[in-house]
> 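Okay, handing you the structure first.
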Amino acid sequence: MSAVLVVHGGAWAIPDELAKASVDGVKTAAREGFSVLKRGGSAVDAVEVAVRSLEDNTVFDAGTDGFAQCCEIYLMFQLCLTYFLPQTSHVMLTSQGANLFAESIGISTVPTETLVTEYERREWEKHKNYMTGVIEDFNTQWAHDTVGAVALDSAGNVACATSTGGIRNKMVGRVGDSPVIGCGGYADNLNGAVSCTGHGESILKVTLARLILSKIEQGKSVTEASQMSLQHMGDRVKGAGGAIVVSPSGHWAATFTTERMAWAAVEQDVLWYGLDPHERLKEQLPQ
Ligand code: GLY
């Protein structure tokens, strides 16, 4: 089984001044995630390493520099943990319970203000009103978001990880698609793994990740399944976004309906990457 890792840095109208940093960021994350698979590591460990790399990069909306909420400038994580937790029989914890669980397994915390950069503070000032800011932004395919990774390891297991700062100026308590199983991500060894990006409310309405996998289940290729599902989201709820997919046989796709999405994929020591529609560039990695 040939290992594969794919990452995205969010689907949106990435301005030219962020283009190079976005592409460099996804290439680095893909290389770091793939190095886990190359050493024989698991798909779960590989997507975690890749997403940590993206979260630590302030060009992306996740981890440091995540979008601020409407009532206060500091990020208030409505912390959601979605994971198949060996320690419990649950698959999703939110809010105080998630915080308590994170503490119990030794996840360290940092002061929230350290996660807000000067750039994000200025953007928050510009877009204080959710209804006249974000909705208009999404209609012009602007203001997206989110990082993610999918992987297939040499044992044939697939995994996905999706992380977001959410959308700018959201209401306190708003939960987007990213932590919701079947919406922002889904992984099943029978059909593959998906990580989504885009307008969370639209992704939630069409359960985008599961929709893509159900089309693969019905015999569509990874590219067809992603394109058809994103098209459906546009037609039904006027939502724009993107998705990365890997199948159990190692086929993969990176697809989007926004102006741009930075993505990168590694298979057999070849790094593929792109930013604009239909762009697919190639680099040979050292053996
Ligand atoms: N796609 C992330 C969000 O809407 O929160």
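All figures in this text were calculated on a predicted structure; none of them were measured in a lab.
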> Heavy-atom distance under 4.5 Å between the side chains of I244 and M261, does that happen here?
yes

> Does W272 share a hydrophobic cluster with L152, counting links as ILVMFWY side-chain heavy atoms below 4.5 Å and allowing steps through other members?
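In one cluster with W272: L152, yes.
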
> Begin from the C-alpha positions of W252 and V222 and carry the test side-chain contact (heavy atoms from CB on, under 4.5 Å) through to its verdict.
CA-CA 6 Å; W252 59 270; V222 286; 5.6 Å; no

> Nearest 0.5 Å, what's the OG-CD distance between S221 and Q227?
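So the gap between those two atoms works out to 7.5 Å.
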
> How long is the span from the CZ atom in R52 to the CG atom in D56, to the nearest 0.5 Å?
8.0 Å

> Is any side-chain heavy atom of L281 less than 4.5 Å from a side-chain heavy atom of E279?
yes

> T223 and A253: which non-hydrogen atoms are nearest, and at how many Å?
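T223 and A253 have their closest heavy atoms at OG1-CB, 3.8 Å.
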
> Examine V237 and M228 and state if one hydrophobic cluster contains both, with Ile, Leu, Val, Met, Phe, Trp and Tyr joined whenever side-chain heavy atoms are less than 4.5 Å apart.
no

> Would you call V4 and V6 a side-chain contact if the rule is heavy atoms closer than 4.5 Å?
yes

> Measure across A264 and V26 and return the closest heavy-atom pair with its distance rounded to 0.1 Å.
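In terms of heavy atoms, the two residues are closest at CB-O, 3.6 Å.
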
> Membership question, hydrophobic clusters at under 4.5 Å side-chain separation (ILVMFWY): are V49 and V51 in the same one?
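As far as the 4.5 Å side-chain criterion goes, V49 and V51 are not connected within one cluster.
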
> Would you kindly confirm whether V47 and L271 end up in one hydrophobic cluster when ILVMFWY residues are joined by side chain heavy atoms under 4.5 Å apart?
no

> Quick one: are S226 and F256 in side-chain contact, heavy atoms under 4.5 Å?
no

> Going by side chain to side chain contact (heavy atoms under 4.5 Å, CB included), L54 matches just one of V147, T146, V59, T28. Which one?
V147

> Only one of V245, V44, V150 forms a side chain to side chain contact (heavy atoms under 4.5 Å, CB included) with C160, so which one is it?
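Answer after filtering V245, V44, V150: V150.
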
> Got more than 12 heavy atoms from elsewhere within 6.0 Å of NE2, H232?
yes

> Report yes if the side chains of F60 and S22 come closer than 4.5 Å at any heavy-atom pair, otherwise no.
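The answer is yes, as the side chains (C-beta and beyond) meet within the 4.5 Å cut-off.
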
> Please name the pair of heavy atoms, one in L37 and one in A151, separated by the smallest distance, quoted to 0.1 Å.
CD1-CB, 4.2 Å

> Between H8 (side chain) and G10 (backbone), is there a donor-acceptor pair under 3.5 Å?
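Here the side-chain-to-backbone pair exists.
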
> With side chains defined as the heavy atoms from C-beta onward, is the minimum distance between M233 and H199 less than 4.5 Å?
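Heavy-atom side-chain distance check fails, nothing below 4.5 Å.
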
> Has D153 got a side-chain atom pairing as donor or acceptor with A43's backbone, closer than 3.5 angstrom?
yes

> Evaluate the side-chain proximity of V7 to W263: yes if any heavy-atom separation is below 4.5 Å, no if none is.
no

> Rounded to the nearest 0.5 Å, what separation is found between the CD atom of Q268 and the CG atom of L285?
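Reported to 0.5 Å precision, the distance equals 12.0 Å.
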
> Report yes or no: does R260 contribute a side-chain atom to a donor-acceptor pair with the main-chain N or O of A13 at less than 3.5 Å?
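Here the side-chain-to-backbone pair does not exist.
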
> For G192, is there any backbone N or O sitting under 3.5 Å from a side-chain donor or acceptor partner on D188?
no

> Without swapping roles, check the side chain of S95 against the backbone of G97 for a donor-acceptor pair under 3.5 Å.
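No; judged by distance alone, with no hydrogens or angles, the pair does not exist.
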
> As an exercise, state the distance from CZ of R210 to SG of C196, rounded to the nearest 0.5 Å.
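Going from the CZ atom of R210 to the SG atom of C196 covers 12.0 Å.
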
> Can T162 and S195 be said to form a side chain to side chain donor-acceptor pair (under 3.5 Å), step by step?
CA-CA 6 Å; T162 306; S195 170; 2.9 Å; yes

> Assess, by modelled atom type and distance only, whether the side chains of N99 and E103 contain a donor and an acceptor separated by less than 3.5 Å.
no

> How long is the straight-line distance from OG of S229 back to CG of L208, given to the nearest 0.5 Å?
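Between atom CG of L208 and atom OG of S229 there are 6.0 Å.
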
> Let me check something: do V270 and V246 share a hydrophobic cluster, defined by ILVMFWY side-chain heavy atoms less than 4.5 Å apart, either directly or through other members?
yes

> How close do A209 and G185 get, counting heavy atoms only, and between which atoms?
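Reported closest heavy-atom pair: CB-C, 3.6 Å.
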
> Could you give the distance from CD (E267) to OG (S2), rounded to the nearest 0.5 Å?
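Between E267 CD and S2 OG, I get 8.0 Å after rounding to 0.5 Å.
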
> Where do K205 and E201 land on the salt bridge (Lys or Arg N to Asp or Glu O under 4.0 Å) test, with the steps shown first?
CA-CA 6 Å; K205 284 176 188 168; E201 282 68 13; over 6 Å; no

> Without swapping roles, check the side chain of T207 against the backbone of L204 for a donor-acceptor pair under 3.5 Å.
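It does not hold such a pair.
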
> Please report the closest heavy-atom contact between A225 and I216, naming both atoms and the distance.
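Minimum heavy-atom separation between A225 and I216: CB-CG1, 3.6 Å.
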
> Between R31 and D269 (salt bridge meaning N to carboxylate O under 4.0 Å), is one present in this structure?
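The answer is no: the pair does not qualify as a salt bridge.
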
> Does K20 pair with D24 as a salt bridge, N-O distance under 4.0 Å?
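Looking at K20 and D24, the cut-off is met.
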
